[in-house]
Amino acid sequence: MKKSIQSILASIAIFSPAAVSAADIGDIMTSVMKGETSLYNRVAKGKASDAEAKRLATTLKGLEGTKAPKGDQAAWDRKVGALVKAAESVGSGNRQGLMALQNAGNCKACHSGHKPD
Ligand code: HEC
């Protein structure tokens, strides 16, 4: 199921972060993380505009306050926080934030701890 970024953003605006379920984490992944040309990839490679980086940060904020689908809740909160903060940093024109975003966005590092099999 593929959702447009607009529909994800709309659902984030309507529901509080606490209402975001694990299924929505998957939706956010599919809409901004997945694939070579994903918004995340373009932002992390420094190929996106500040506005796009801000849009990434806003979408990733939907992960804040969600229950870890698997693994330690505090570790999940930390990883999500770092990811949002790094995207926001890039969005405010901080190119140093790119390295932080690449680290925080490490797919395997997060999936191995928090993605259910
Ligand atoms: C901060 C942690 C985190 C990071 C970083 C992360 N993911 Fe995920 N991802 C998850 C979690 C948790 C799930 C499982 C969601 C569920 O099924 O409940 C997931 C699920 C997915 C899914 C399955 C979506 C679905 O439901 O069909 C895809 C695809 C995905 N991630 C791609 C990526 C890619 C590509 C990257 C790196 C560029 C990435 N993710 C980085 C946490 C993360």
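Indexing begins at 1, ligand by ligand and atom by atom, following the structure's order. Since the structure is predicted, the reported quantities are computational estimates derived from the model, not experimental observations.
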Student: When rounded to the nearest 0.5 angstrom, what distance separates OG1 in T59 from OH in Y40?
Tutor: 14.5 Å
Student: Just wondering, do V84 and L63 contact through their side chains at under 4.5 Å, heavy atoms?
Tutor: no
Student: Of all the atoms in ligand 1, which lie at a distance below 4.0 Å from a heavy atom belonging to C110?
Tutor: 1 (C), 2 (C), 3 (C), 4 (C), 5 (C), 42 (C), 43 (C)
Student: If the cut-off is 2.8 Å, does any N/O/S atom of M33 fall short of it from atom 8 (Fe) of ligand 1?
Tutor: no
Student: Below 4.5 Å, heavy atoms only, C-beta onward: do L56 and V90 meet side chain to side chain?
Tutor: no
Student: Find all atoms of ligand 1 within a distance of less than 4.0 Å from any non-hydrogen atom belonging to C107, and give their numbers and elements.
Tutor: 34 (C), 35 (C), 36 (C), 37 (C), 38 (C), 39 (C), 41 (C)
Student: What do we get for P69 next to ligand 1 when only non-hydrogen atoms under 4.0 Å count, side chain, backbone, both or neither?
Tutor: side chain
Student: Give the single entry among Q102, R78, H111 that approaches atom 33 (C) of ligand 1 most closely by any heavy atom.
Tutor: H111
Student: Quick one: does H111's side chain get under 4.5 Å of K108's, heavy atoms only?
Tutor: no
Student: Using a strict cut-off of 4.0 Å, indicate which atoms of ligand 1 neighbour a heavy atom of H114.
Tutor: 12 (C)
Student: Would you mind listing which atoms of ligand 1 come within a distance below 4.0 Å of any non-hydrogen atom of Y40?
Tutor: 38 (C)
Student: Side chain or backbone of A104 under 4.0 Å from ligand 1, or both, or neither, by non-hydrogen atoms?
Tutor: backbone
Student: Check whether any side-chain heavy atom of M33 sits under 4.5 Å from a side-chain heavy atom of I28, and report yes or no.
Tutor: no
Student: Please tell me if the side chains of D117 and K70 come closer than 4.5 Å, counting only heavy atoms from C-beta onward.
Tutor: yes
Student: Under 4.0 Å from any heavy atom of I25, which atoms of ligand 1 are there?
Tutor: 11 (C), 15 (C)
Student: Quick check on contacts: which atoms of ligand 1 are under 4.0 angstrom from a heavy atom of N106?
Tutor: 5 (C)
Student: Looking at W76, which atoms of ligand 1 are within less than 4.0 Å of one of its heavy atoms?
Tutor: 2 (C), 12 (C), 42 (C)
Student: Measuring from R55:CZ to S49:OG, what's the distance to the nearest 0.5 Å?
Tutor: 7.5 Å
Student: Near T30, which atoms of ligand 1 are under 4.0 Å from a heavy atom of that residue?
Tutor: 24 (C), 25 (C), 27 (O)
Student: Less than 4.5 Å apart, side chain to side chain, heavy atoms only: is that true for D24 and T66?
Tutor: no
